[in-house]
Each structure stands twice: as structure tokens, then as C-alpha cells.
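I have placed the structure first, in the form of C-alpha cells, so that the comments after it can refer back to it.
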Amino acid sequence: KEIDLKTFEELKDELLLFLVENDVSYEVAEDIISRIRSKLLHVKYDRSLEAIDILKDSLKEYIIDLMSISAQRDYFADLSSRGSPPYSVLFIGFNGVGKTTTIAKLAYLHKNRGDRVLLACSDTYRAGAIEQLIEHGERLGIPVFKYEYGADPAAVGYDALKYAETKKYDVVLIDTAGRMHVDVNLMEELRKINRVINPTIKILVLDALAGNDVYYQSKMFMEKVGFDGVIFTKIDADVKGGALITVSHLYRKPIYFLGVGQRYEDLVKFDINYLVNTLIG
Amino acid sequence: EISERLKKAIERIKNRVYIDEKSLNEVLREIQKALILADVNVKIVFELTNRIKERFETEKPPHELTIKEYIIKIIFDELVKILGEEKNELIITKKPFKIMLIGLEGSGKTTTVAKLAYYYSQKGYKVGVFSTDIHRPAAIDQLEQLTSQIKNVLFIDTKNEKNVNKIIINSLNKLNKKIDIILVDTAGRHKEEKSLLNEMKLIEKILKPDFTFLVIDATIGQKAYDQAKAFHDTVKIGGIIISKMDGTARGGGALSAATATGAKIYFIGTGEKIRDLEEYDPYSFVGRLLG
Ligand SMILES: Nc1nc2c(ncn2[C@@H]2O[C@H](COP(=O)(O)OP(=O)(O)OP(=O)(O)O)[C@@H](O)[C@H]2O)c(=O)[nH]1
Ligand SMILES: Nc1nc2c(ncn2[C@@H]2O[C@H](COP(=O)(O)OP(=O)(O)OP(=O)(O)O)[C@@H](O)[C@H]2O)c(=O)[nH]1
Ligand SMILES: [Mg+2]
Ligand SMILES: [Mg+2]
């Protein structure tokens, strides 16, 4: 038998809904389906098999290949291959996704490897943002470089980096205020922060509970500022995982870590088995 | 744009007296796509379009409406039946009226507490505010800074108290008889964090809120239903506030949460400032939901 257009069109909705129900953004789900279509159309297969199973296997294969690419890079290796100490890591993302908490977790990881870490608070806007990072610093025994509310976020980051150079820190982790990817002024501010600091690595933090908005957030942050890697948070909230597929399909950027809770230890390296078990399993 | 395709599908049926199965299914499919793009839970989307189809096929349209106007009316009716058919207003029935805010991590609770404090103080109420969030670093600082800019709002500082029981009892004691409305912030939590769900149950038991708002982030995806259901199974939810509607997300999670809890939408968060709170309006919300 072979898969003809009519058969494919009849069955594709089932696959599309499967992806969407698992939180893959609609646009990406449609794109994935059309790629599978061009691969499978007129391909011959065993009479004893069902067409829908051929489609499902092809989808599974696509997802595994895609996610394997996202899982293959190592954050620490990338850091040392792209710069020299003090490395600077800029954290960006939408409001409330978990940037500040993730920075604290990564600081904990760095410290446990023996790195001298400096935290920098370039969120000079949101209520309690500076106190929040200071408290993390105190709990972790890591210094926090900060100015007052209303200070220029780019200046905080730049001066923190200069301070890190003189004091011989290994890495500076820079927090920024959460922002709407469609706020022109805030995205312009972020471009300036990026230009002034010129970080070794930019990390986009995304909420694994988010739906279609993951598509728009990743696109706008990539187009306006760019990012080198992604960290997904709140994976412990019984998420479907489709958000990871959305970003991996859009950009060949690594998913460095997954946030799996609110404690400092709750940050794990992205491993494809996680997705295979929750989503494809 | 989704609303263009939906409009076109509806246009195709507008001049007909009788609408065939194919055209109706076309319209329903466009609605499904619009709602899925808006992040409404897929199961709810299909339940909804099945109900719309059934009503269209069994009910007699009022003769003053065209076929097109009638199908639009059914779609609108079925959506607002879940979300709220009119501006939902919270009636302050006693004094002090205690309002608790709950929700997932980062959904916008603390910011929304400050927005509600501003909203009610503008209406002339004397407002008291405190936080039971003993988990998040500087949670109390955040609420303190947000409310410091609001007149007629009394903020109770609970920074050094780590016992939720004591925080509630001491704060309620400190809020004098002149306070009309008490707003209480809680820590973020999700359905897998069982000890936090128990804490929320305990907070409800001691505080005895007169009304509880579930704050939902407009960007939430398919898990909105399950998460809202877990909150609903733990405490009594009176209403829903959907935050971060000033972005690209259309807030379908609100529909899923309303379905799971039976609660209606009361307010929409449209920015980070304390003034960025709008009252729910069925027409604008449904219009936005459908694209
Ligand atoms: N369960 C869970 N909660 C998380 C995770 N990561 C962050 N959080 C929680 O999410 C909430 C928001 O975290 P923040 O670190 O303040 O988020 P943010 O992106 O810095 O927020 P803004 O600076 O306001 O944009 C906090 O309650 C965190 O504890 C995670 O992996 N799992
Ligand atoms: N643009 C926009 N941002 C919002 C809105 N509501 C809240 N935020 C932002 O979202 C982020 C998280 O808000 P919080 O009030 O800290 O959220 P929370 O639910 O209290 O977080 P946890 O206590 O950690 O669970 C902050 O950056 C807020 O400024 C809104 O309506 N629009
Ligand atoms: Mg932050
Ligand atoms: Mg809070």
C-alpha cells in the first residue's frame, strides 16, 4: 500500500490534535505535520500495517531527532568554548517565568563546581526584585552586585562585569526584569543591555506550562535580542512538554536545563528520555 | 488572521435560509481553530462546538435574526455562559470583607493583590493587605513596595513571622474595625505540590475568606483545566482573574479554568502597574478569545 493524499488528509487531524493537546503550539504542529506529509506521501509500506501507525511512527521519529539536537550541548562546555573568565550569562524572558529562581539554581550549580560566582541584579524595575536576588545571594553565600531601583540596567551589568574582572570571578549571572515580548520600549532596553554587556551566553527562560505563547515569546526574543540556549521551568507541574518541541522546531538552540521545583537543587540537565517518557510514551 | 477566516465562513452562510451540514461544519471548524489558538483546552473546545451544533440543529431561530446572526448569537451565548454573561461584580456583603488570592507560581497574584487594593481604595473602601507567602524570597518586600504607593491602604508587615497560622491571626488582629476589605496574598503552588495544597487548605480554614480569586496567567496552555480543577478540589473558588492579557496570549486558559471551577471572570490584568486592572466585559473578552 502507499499513503496517498486523501488518506493523509483524513488522518492528519488526529496527529495535529495529539500535538496540540500536548501543548505544542498550533503553528508548529501544522508545520510538523506538513513536513511529515512530504516525507510520507507515496511512500510504500507493508499491507499488514495501518496507515495511522505509519504516520505516528514518523511523528515519533521527527520528535526524537529534533529533541536529540536540543539535548546534545552542554552549558558548561559552551561557556568555556565561547569566552574566557569571567564568563557572563544574561537571563531574559517573559514576566514570572522563573528567571530569578533559575539564576539562583545555576549559581548553586556553579558554586558546587568550585566556580567563583557573582550575581548581578539588572532588574532595577520590579518591586522586590533586588531584595529577592539579595536574599538568594545570602542563602547561597554568593555576592550580589546591585544598584538602586531606577538605575540603568545596562550600567549594572557592565559595572558588575568590570568588578568581576578586577576581583577575578569565574562567572557573572545577570538577572533582568521580566518583560512582554511585544513591548517595544522594554525590548529596546534589552537590546541595549545586550549590546553594552555583550554576554558570553544569553539564556531565554520559558515556562513549560505556557501554551501557544511559547511560539511568540521565542520568536520575538530571538528576533529582537537573540538567545544562545533555553531553560524551561515548572517542569514539575505535570506538564505535557510540547513547549519544548515548539522551541526546538523553531530554533536549533540547546535546551540546557529543566527547572523541576523551587529548591536550589531543582535544576537538571535536559535529557531526551524525559520527553520520550512524558510526551511520546 | 483567524477572525477573518471565521468571518468568511460565517459570511458564506449569511444569505441562506437553510444552512447545510458542510457550511455549518466549516464554521465550527474555524471556531475550533480559533479557540485552540487561544489556548482553550482541546476537550472543552470540542464539547463547546458539539453544543453549538446541537443547539443550531434543534432550536428554532428567533425570526428577527438572520441565520448568520443566529449562529453568532449561539457562539457568544455558549462562551459567556461559562465566562460570565455580564460584568461580574463582587458584592461586598460585610465588613471586613476578606479576599484571598491563589494560583500557580508566577501567575501574577502579588501584583494583582496590589491592583485590587488600588481598585477598591479608588472606590472609597478602606483596604488592609497582608501576605501569607513564607516561601518566596522577599515576597513581603514586593507586596510592601507595591502597596506603599496607594492611599487608604494599610499594609501589615509579616516579614519576620514564618508561621502561617500566626501571620493570619496577628494580621487580622492588627487590622482595625475601620477596615472594609482585607486582601490576602498567598504563595504560588501547583497541583503536584501536595504539602502546598494542604497549606492552602489550612490558610482557608484559619482565614475564612469571604471570597477567593484564582489568578490565571493568560499564557497558560492545555494544563489550565487540570491545575484549576486541583485548586477547586482544595478550596472554594469564587472568581477568576486573568493576568498578562496585555501580550499576545488570548486567555483561553480562563475558559478552561472557568469550566473546571464553575467560577466566572471578574477582572483582567493588563500590565505591571497597579492601575492595570480592568473589569471583565463579555463582549471584549469573547472578541479577543476568538481573535
Ligand atoms: N514549581 C516550580 N516553581 C518554579 C520553578 N522555577 C521558578 N518557580 C517559581 O516561579 C515563581 C516565579 O519565579 P521568579 O524567579 O520570581 O520569576 P521571574 O521570571 O524572575 O519573574 P519576574 O522577574 O517577575 O519576571 C516563584 O514562585 C518561583 O519559586 C520550577 O522549576 N518549579
Ligand atoms: N505585563 C504584565 N505583567 C504582569 C501582569 N500581572 C503580573 N505581571 C508581572 O508578572 C510577574 C509575576 O508577578 P507576581 O505578582 O510576582 O506573580 P505571583 O503569582 O505573585 O508569583 P509567585 O508569588 O512567585 O507565585 C511580575 O513581573 C509582574 O510584574 C499583567 O497583567 N501584565
Ligand atoms: Mg525576576
Ligand atoms: Mg507572589
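Lettering follows sequence order; numbering is per chain, from 1.
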For the interface with chain B, which of [options] has the highest count of heavy-atom pairs at distances below 4.5 Å?
{"options": "A:Q262, A:M220, A:R139", "answer": "A:Q262"}
{"options": "A:A243, A:G242, A:S25, A:G211", "answer": "A:G211"}
{"options": "A:V239, A:V20, A:D183, A:T233", "answer": "A:V20"}

Do [X] and [Y] come within less than 4.5 Å of each other through their side chains, counting heavy atoms only?
{"X": "A:R126", "Y": "B:T111", "value": "no"}
{"X": "A:F18", "Y": "B:V42", "value": "no"}
{"X": "A:D13", "Y": "B:R29", "value": "yes"}

Sequence neighbours excluded, which residues qualify as side-chain contact (heavy atoms from CB on, under 4.5 Å) partners of A:D213? A:F94, A:H181, A:Y216, A:Q217, B:T219, B:T248, B:A249
Quick one: what part of [X] sits under 4.5 Å from any heavy atom of chain A, side chain, backbone, both or neither?
{"X": "B:D246", "value": "both"}
{"X": "B:F46", "value": "side chain"}
{"X": "B:K191", "value": "side chain"}

Taking side chain as everything from C-beta outward and backbone as N, CA, C, O, which of these in A:E131 sits under 4.5 Å from a heavy atom of chain B? Side chain, backbone, both or neither. both
For A:Y215, which atoms come within 4.5 Å of any heavy atom of chain B: side chain, backbone, both, or neither? neither
In Å and rounded to the nearest 0.5 Å, what is the [atom1] to [atom2] distance from [X] to [Y]?
{"X": "A:L17", "Y": "B:K43", "atom1": "CG", "atom2": "NZ", "value": "10.5 Å"}
{"X": "B:I36", "Y": "A:L16", "atom1": "CD1", "atom2": "CG", "value": "7.0 Å"}
{"X": "A:D238", "Y": "B:Q227", "atom1": "CG", "atom2": "CD", "value": "7.0 Å"}
{"X": "A:E21", "Y": "B:K223", "atom1": "CD", "atom2": "NZ", "value": "11.0 Å"}

For A:D207, enumerate each residue passing the side chain to side chain donor-acceptor pair (under 3.5 Å) test, keeping only those at least two apart in sequence or located in another chain. A:K234
A quick test of your reading: do over 12 heavy atoms of other residues, nucleotides or ligands sit less than 6.0 Å from [atom1] of [X]?
{"X": "B:K162", "atom1": "NZ", "value": "yes"}
{"X": "A:K12", "atom1": "NZ", "value": "yes"}
{"X": "A:K192", "atom1": "NZ", "value": "no"}

Heavy-atom contacts under 4.5 Å, residues 95-107 of chain A to chain B: A:N95, A:G96
Distance-only, no hydrogens or angles: does the B:D39 side chain make a donor-acceptor pair with backbone N or O of A:D23 under 3.5 Å? no
Just checking heavy atoms, which of residues 127-146 of chain B are less than 4.5 Å from chain A? B:H135, B:R136, B:P137, B:A138, B:D141, B:Q142, B:Q145, B:L146
Search all heavy atoms of A:D236 against all heavy atoms of B:E192 and return the closest pair with its distance. O-CG, 3.4 Å
Which of the residues B:S107, B:G106, B:S148 is involved in the greatest number of heavy-atom pairs with chain A at under 4.5 angstrom? B:G106
From CA spacing to verdict: side chain to side chain contact (heavy atoms under 4.5 Å, CB included), B:E105, A:L209: CA-CA 10 Å; B:E105 286 90 350; A:L209 280 166; 5.8 Å; no
